[in-house]
Amino acid sequence: MTANDEYILEILENVGLITREQSEEALEWARKEDKEVVDVLVRTAGIHKLDILKALANQFGMECMSLQGVDIEQEVIDQVPDDVATRYKIIPLYRNENTLTVALSDPLDVDTLDSLRYVLKCNVEGLVAPAEEIEMAIQQYYGKSIGAVESVLEEITEGTIAVPTAGMKEIIGEGEDVTEADAPIIKLASLLILEAFRNRASDIHLEPMARKFRVRYRIDGVLHEMESPPKRLQSAIISRLKIMANMSIAEKRLPQDGRIQINVMGRDLDLRVSTIPSNHGESIVMRILDKESLMLGLPQLGFFSDDQQTFERLIGLSDGILLVTGPTGSGKTTTLYACLNHVNKPDRKIITVEDPVEYQLSGINQVHVRADIGLTFASALRSILRQAPNIIMIGEIRDMETAEIAVNASLTGHLVFSTLHTNDAPSAIPRLLDIGVKPFLVASSTRAIMAQRLVRKICDKCKEAYTPNENELRMLGPAAEQIASIQLHKGRGCTNCNGTGYRGRIGIFEIFVIDDEVRHMIYEQVGAAELRNRARELGMRTLREDGIRKIVAGHTTIEEVLRVTMGDMI
């Protein structure tokens, strides 16, 4: 929270962008979470950040614009040194005679413009743009790409050592005792993490092969191979990462798990590190956990308005179980945390049981499962019920004991959120029965099941319209009739999306609401196919059908929806 938050809220109220109630709620959350009120409003009130910035900019007689699709001439970029742009978080846009116009994110920050006039020795005028777009532009025009890794490899090959680049000192750590011989390896390992963050990667895969040490980043759910370090550096890089994760470098025969906590470019990140022995050495996967990327509101998940209304009604119930299903990496954790953010009010007690606790949430009691000391999901849940919570979130229902306690909790007046690994929503019912939960308990406790997947979003900067060909329509099957005569969109490929045509991801969903007839079918232990047919009769859209809606809306492509969904069988 900043000193200007109350003033900002007053301005937004006066222009009619928010109500008094929304203002008070945002101020309360900003104080509790120590966040800027603008970010809180985007999450809690569902207001677009650009609309807020336009209202504030207009108040101070400034322009407001989005930087998406804006090309900046190199001679303008050269007017501002990279350290100045990074320090003041601005990007130069154009120059007219002796006046330089720069984009900044805070229209109330008059000190920045005064400082820039002094530093740059020219008249500086400002306009307002979203902070994340300014940061992206700074990385695009000033930042170093994977070529930074290549340059370090050259240093190692040539035997020279350079000073770590900006952003790496936080990763390396100021208190470490680094010798001259260690420096290149430490720098290279740190650069691998830094470049992964710059490329918006969710995972870093380091895989020993027979003749190479392969490095891949998972970006928007798809693996991309990067410049590979020499095979001879494999052991040194792995040892360095294991030291950072507090693992034993002597143990190479057994899998290990660890964690790296770092600050990269002003963002606190956790890296969940896993090693496993393979034929040619230890394979390492690092999952990048960025708290800011997870603190989403429901609108940012990808719901259309009708599905969002249904989902908000379900998570507002007083009791019962709400399950989110899908394979690993389908966004279940993000959805559960968005649910918790939505229902996290001062009058509700929320407790989570997680393995592990990936993100610290303000106002929520989080329990980290530790099976090595006997703190399992089941034992934690038994104790949690004595804490009189209103809402319980269970990371995953894995066995009969956990499932039964979750069911009993829901039947005694608690709202329970949890996940299951099933391919679609109706299949969760047979899965619970297979675990060993009695049919009448499943029928009585389960309120709804939501399956989800993540599809890549079309890049906004290179998005273009096209007409689908017959082959694409044929692959969609019967659903092709819905889009046969509609102009669709795809990404051409640009620097913003690294030539892929995609940037970011969005969810597709199927929501199965349990009614009395479905409960009777559960009593009868009918199969998933019959449950699916009944769900369709109740109006459930399948994952593919919701994906097609997002194709028509221009959010994603036919290829993406086909990649993550199976054909609908009616």
Side-chain angles (χ1 to χ4, degrees), residues 1-70 88-94 99-117 123-137 266 292-293 295-301 303-305 308-309 312 316 338 341-348 362-363 460:
M1 181 174 172
T2 67
N4 294 320
D5 281 353
E6 293 186 14
Y7 182 45
I8 290 172
L9 290 172
E10 183 180 345
I11 293 173
L12 298 179
E13 280 186 60
N14 291 337
V15 300
L17 195 59
I18 61 172
T19 64
R20 182 61 182 171
E21 291 74 18
Q22 289 174 320
S23 174
E24 291 174 351
E25 182 183 14
L27 192 61
E28 179 185 345
W29 279 104
R31 285 171 175 162
K32 185 165 68 171
E33 297 184 355
D34 194 24
K35 291 184 176 294
E36 292 188 12
V37 74
V38 171
D39 295 329
V40 174
L41 278 173
V42 171
R43 193 183 77 212
T44 61
I47 303 172
H48 199 285
K49 193 169 188 177
L50 197 59
D51 293 334
I52 297 176
L53 293 178
K54 284 179 180 177
L56 296 175
N58 185 61
Q59 184 73 17
F60 294 95
M62 300 174 70
E63 293 182 31
C64 181
M65 64 178 289
S66 171
L67 300 183
Q68 294 186 5
V70 175
Y88 292 103
K89 297 180 180 177
I90 57 97
I91 190 76
L93 295 176
Y94 49 85
T99 300
L100 179 68
T101 300
V102 302
L104 68 163
S105 61
D106 186 359
L108 282 71
D109 186 9
V110 294
D111 292 340
T112 289
L113 294 178
D114 289 339
S115 299
L116 288 172
R117 293 184 185 107
N123 185 37
V124 178
E125 292 185 354
L127 57 77
V128 183
E132 57 272 15
E133 294 184 8
I134 293 175
E135 182 180 345
M136 188 184 304
E292 291 187 24
S293 68
M295 303 297 287
L296 301 175
L298 294 179
Q300 287 76 45
L301 294 178
F303 287 113
F304 282 124
S305 58
Q308 183 174 331
Q309 289 176 3
E312 286 181 354
N341 284 330
H342 188 80
V343 300
N344 188 9
K345 310 291 182 185
D347 61 342
R348 296 173 181 171
S362 176
D460 290 330

For the atom pair [atom1] ([X]) and [atom2] ([Y]), what is the distance rounded to the nearest 0.5 Å?
X: Leu93; Y: Leu67; atom1: CG; atom2: CG; answer: 6.0 Å
X: Leu12; Y: Thr19; atom1: CG; atom2: OG1; answer: 11.0 Å
X: Leu56; Y: Asp106; atom1: CG; atom2: CG; answer: 8.5 Å
X: Tyr94; Y: Glu125; atom1: OH; atom2: CD; answer: 8.0 Å
X: Leu104; Y: Met62; atom1: CG; atom2: CE; answer: 5.0 Å
X: His342; Y: Asn344; atom1: NE2; atom2: CG; answer: 11.5 Å

| said: Does Gln308, at its CD atom, have more than 12 non-hydrogen atoms belonging to other residues, nucleotides or ligands within less than 6.0 Å? | reply: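 For Gln308, atom CD is crowded (more than 12 foreign heavy atoms under 6.0 Å).
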| query | Of the non-hydrogen atoms in Val128 and Ser105, which two are nearest, and what is the gap between them? | reply |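 In terms of heavy atoms, the two residues are closest at CG1-O, 3.9 Å.
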| message | So which atom in Pro92 and which in Leu100 form the shortest heavy-atom distance, rounded to 0.1 Å? | response |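 Smallest heavy-atom distance, with atoms named: CB-CD1, 4.2 Å.
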With sequence neighbours left out, write down each residue that passes salt bridge (charged side-chain N to carboxylate O under 4.0 Å, His left out) with [X], or none if nothing qualifies.
X: Glu132; value: Lys49
X: Asp460; value: none
X: Arg348; value: none

| Which residue, Leu127, Thr112, Leu113, Ile134, forms the side-chain contact (heavy atoms from CB on, under 4.5 Å) with Val102? |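 With Val102 as partner, side-chain contact (heavy atoms from CB on, under 4.5 Å) holds for just one option, Leu113.
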| Under the 3.5 angstrom rule, does the side chain of Arg117 hit a backbone N or O of Val124 as a donor-acceptor pair? |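 A pair under 3.5 Å: yes.
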| query | Quick one: does Asn14's side chain have a donor or acceptor within less than 3.5 Å of a partner on Glu10's backbone? | reply |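 Yes, because the side chain of Asn14 sits within donor-acceptor range (under 3.5 Å) of the backbone of Glu10.
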In the structure I gave you, are the side-chain heavy atoms of [X] and [Y] within less than 4.5 Å of one another anywhere?
X: Glu133; Y: Ser66; result: yes
X: Met136; Y: Ile91; result: no
X: Thr101; Y: Glu63; result: no
X: Leu116; Y: Tyr88; result: yes
X: Cys64; Y: Asn58; result: no

